[in-house]
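Structure first, commentary second.
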Amino acid sequence: LLSSISGVSVVWSEAGTAVGQPVSVLQTDSHRLLLIGRVVVGAEYRMEWARDQAVFSGMALMQSVGFLTEPVPRRVLALGLGSGTAPAFLRARGIATDVVEIE
């Protein structure tokens, strides 16, 4: 388990959740990770200058809607929050972003 690796600390954990799996936030020197059970569902860089950068390539693809589409959308619907990096990125660029979490 990630929490048993040297340099990884548990920031928050909740055993009894609606999804039936424990939800945890772990962090290393460079990253903060959101886990459901043993699955990483989101991650962000801890360094302030890198916060809006995507940790995973899939997140980068979702963020690209903010600058690769023409015209730039005024409103976006994100299905699933994860760590919230993609919606935060879009909102910071003035794109109204709604999030729907489906369990």
Side-chain angles (χ1 to χ4, degrees):
L1 188 63
L2 286 173
S3 60
S4 64
I5 298 172
S6 177
V8 176
S9 61
V10 177
V11 176
W12 179 85
S13 185
E14 179 68 40
T17 66
V19 294
Q21 294 286 325
V23 176
S24 304
V25 176
L26 306 180
Q27 69 182 20
T28 67
D29 290 339
S30 59
H31 294 83
R32 188 168 290 122
L33 307 164
L34 174 65
L35 284 78
I36 296 179
R38 295 183 178 186
V39 177
V40 176
V41 296
E44 68 179 7
Y45 291 106
R46 292 186 60 206
M47 294 80 61
E48 190 63 40
W49 62 268
R51 282 273 169 82
D52 69 344
Q53 301 301 310
V55 175
F56 303 118
S57 58
M59 294 294 133
L61 183 60
M62 286 187 274
Q63 290 174 347
S64 70
V65 73
F67 55 89
L68 291 181
T69 55
E70 190 62 42
V72 174
R74 291 180 294 150
R75 187 169 207 90
V76 171
L77 174 63
L79 301 178
L81 180 62
S83 65
T85 304
F89 177 90
L90 296 171
R91 286 179 180 150
R93 278 140 189 87
I95 300 172
T97 306
D98 296 306
V99 177
V100 176
E101 187 67 58
I102 301 172
E103 292 182 17

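Between V99 and P87, the closest heavy-atom pair is CG2-CG, 3.7 Å. Nearest heavy atom pair, residue F56 against residue A43, reads CE1-CB, 3.6 Å. Pairing each heavy atom of I95 with each of P73, the nearest pair is CG1-O, 3.5 Å.
With sequence neighbours excluded, no residue satisfies side-chain hydrogen bond (donor to acceptor under 3.5 Å, both in side chains) with T28.
The distance from the CG atom of L26 to the OG atom of S13 is 8.0 Å, given to the nearest 0.5 Å. Taken from CZ in R91 to CG in D98, the straight-line distance is 7.0 Å, to the nearest 0.5 Å. The CD atom of Q27 sits 9.0 Å away from atom CG of L33, with the distance rounded to the nearest 0.5 Å.
Comment: D29 does not engage R46 in a salt bridge, judged by the lack of any side-chain N to carboxylate O separation of less than 4.0 angstrom.
Annotation: side chain of Y45 is not in contact with side chain of R51 (no heavy-atom distance under 4.5 Å).
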